[in-house]
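All residue numbers refer to positions in the sequence shown, counting from 1.
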Amino acid sequence: MLIDIHTHTSTCRGILRQGGTQYPTPEELIGAMDANGIDKAVILSTVSNECRFVTVTPHEVMIIAQKYPDRLIPFCNLDPRMLKNHVSSDFHQMLNYFKDSGFKGIGEYCPNIELDHPLNMNVFAQVEEVGGLPITFHLASTLNHNGQYGCFDEIGLPRLEKVLKSFPRQIFLAHSKVFWSEISSDVTEDNRHGDPQGNVSEGRVSELMRKYPNLHGDLSATSGFNAISRDLDFGIEFMEEFQDRLYFGTDIAYHPQELRQVPFFKRLKDERLISSEAYEKITWKNAAKLFDLSA
């Protein structure tokens, strides 16, 4: 079984995303899943305005997920600037509605403000209080857009550590180049928003995951794939050590799209490069447990 922690879809046609692509239709997403042996997938909503022409609302996500209830797992979303654009904004009613409606998490959370900005901290505190909604977040290396979306953090991820320490009961699913470039200690300002190559010298990601059990890893996109494949020996050790908190994902975001994660994980299994326990947990068991699925 494969459960994909990170995909996108939209019923809106005609308006291109930044970069000239479109999210796949629900039918195209299901077709890509079928072609790659993916049994279930999280579909994310996108509501923050940075670098975006098309938003995908939680309402749209739920309608799509209800059409394919055995295949798609809905994530809701919110932006901390909603309501009052103030730290006193009360999101409890919204969050409880999302949870009661069957959403399994929040994401992709990507407002382009500091990760530990008071507006974000207000949201994280309320999500933790409501419970049961892990947050998939995207990090950026700059503020004021500059072609990027996502919450800002400096090299070394000090703001992420502050957030993890402040909300120990809240699960955070880490995603993006800025996060996964920190798999190695040789990350620089020049390459942290790319896909650094070469051997890995253990970096901040491992340190934070050892220290904070509420930090989980979304292995989707070129960022997550690069982190575990650029130095295969290290990647295998990393997956074995953190097998209980890592999740297979693709980041399907257009159609057609090459999904290098699928043959990579097949190779890991076929050549017995990782233990069967780690493989099963990462490819589906962790997601089934996190989302309380009857997989």
Side-chain angles (χ1 to χ4, degrees), residues 3 5-10 40-50 52 55-66 69 72-139 149-153 159-160 162-176 212-218 245 247 249 286-293:
I3 298 180
I5 197 74
H6 192 128
T7 72
H8 298 274
T9 184
S10 175
K40 298 176 185 288
V42 168
I43 50 173
L44 301 168
S45 21
T46 49
V47 299
S48 295
N49 65 319
E50 286 85 1
R52 198 169 304 282
T55 59
V56 180
T57 67
H59 179 68
E60 181 180 358
V61 162
M62 183 54 76
I63 290 174
I64 294 170
Q66 287 173 344
L72 301 180
I73 303 163
F75 264 37
C76 60
N77 214 335
L78 70 163
D79 188 287
R81 296 161 293 195
M82 288 176 173
L83 304 182
K84 301 178 182 178
N85 192 21
H86 191 269
V87 295
S88 65
S89 293
D90 187 349
F91 294 100
H92 286 90
Q93 180 183 13
M94 181 186 297
L95 292 168
N96 281 306
Y97 170 80
F98 287 149
K99 186 176 178 180
D100 293 343
S101 297
F103 288 96
K104 296 295 186 177
I106 295 172
E108 185 171 354
Y109 191 85
C110 51
N112 190 227
I113 58 178
E114 295 88 345
L115 184 63
D116 62 343
H117 190 287
L119 290 175
N120 277 335
M121 300 296 271
N122 178 51
V123 167
F124 299 155
Q126 294 180 52
V127 175
E128 182 184 55
E129 184 178 337
V130 169
L133 294 170
I135 300 174
T136 296
F137 67 93
H138 188 112
L139 291 182
Y149 57 92
C151 301
F152 171 73
D153 202 350
R159 298 176 189 273
L160 175 57
K162 177 181 176 181
V163 167
L164 294 169
K165 186 175 182 179
S166 299
F167 309 106
R169 293 181 290 107
Q170 176 61 41
I171 291 176
F172 292 90
L173 289 159
H175 167 70
S176 79
Y212 300 99
N214 55 331
L215 177 60
H216 294 214
D218 171 347
R245 288 183 282 139
Y247 302 80
N286 290 342
K289 179 180 179 181
L290 182 65
F291 303 135
D292 191 25
L293 304 178

How are the rings of His175 and His138 set relative to one another: parallel (under 30°), tilted (30 to 60°) or perpendicular (over 60°)?
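Geometry flag for His138 against His175: perpendicular rings.
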Atom [atom1] in [X], atom [atom2] in [Y]: separation rounded to 0.5 Å?
X: Ile135; Y: Leu173; atom1: CD1; atom2: CG; result: 9.0 Å
X: Ile5; Y: His216; atom1: CD1; atom2: NE2; result: 10.0 Å
X: Leu139; Y: Cys151; atom1: CG; atom2: SG; result: 7.0 Å
X: Ser89; Y: Leu119; atom1: OG; atom2: CG; result: 7.5 Å
X: Gln126; Y: Met121; atom1: CD; atom2: CE; result: 13.0 Å

### Query
So, do Ser10 and Glu60 sit near enough that their side-chain heavy atoms are less than 4.5 Å apart?
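They are in contact (side-chain heavy atoms under 4.5 Å apart), so the answer is yes.
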Validation row: Met94, Met82 side chains within 4.5 angstrom (heavy atoms) =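 Side-chain contact under 4.5 Å: yes.
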| query | For Ile64 and Leu72, what are the C-alpha separation, side-chain angles and deciding distance, and is it a side chain to side chain contact (heavy atoms under 4.5 Å, CB included)? | reply | CA-CA 8 Å; Ile64 294 170; Leu72 301 180; 3.8 Å; yes
Test item: [X] side-chain N/O and [Y] main-chain N/O as donor-acceptor pair under 3.5 Å:
X: Ser48; Y: Asp79; value: no
X: Asn286; Y: Tyr247; value: no
X: Glu114; Y: Phe152; value: no
X: Asp116; Y: Lys162; value: no
X: Glu50; Y: Pro111; value: no
X: Ser45; Y: Thr57; value: no
X: Lys99; Y: Val130; value: yes
X: Asn77; Y: Ile106; value: no

* Asked: For residues Asn120 and Tyr109, is any side-chain donor paired with an opposing acceptor at under 3.5 Å?
  ->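 Judged by distance alone, the side chains do pair up.
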Is it true that Thr136 and Asp218 share a donor-acceptor pair across their side chains at a distance under 3.5 Å?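 Checked: Asp218/Thr136 side chains show no N/O donor-acceptor pair below 3.5 Å.
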For Phe91 and Phe98, I'd like to know if the aromatic rings sit close, meaning centre-to-centre distance below 6.0 Å.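 Ring-ring flag for Phe91/Phe98: false, centres at least 6.0 Å apart.
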* To do: Assert yes or no for the condition that the ring centre distance of Phe124 to Phe172 is strictly below 6.0 Å.
  =>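 Here the rings of Phe172 and Phe124 have centres that are less than 6.0 Å from each other.
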Around atom NE2 of His59, are there more than 12 heavy atoms from other residues, nucleotides or ligands closer than 6.0 Å?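 Counting neighbours around NE2 of His59, 12 or fewer heavy atoms of other residues, nucleotides or ligands fall under 6.0 Å, so no.
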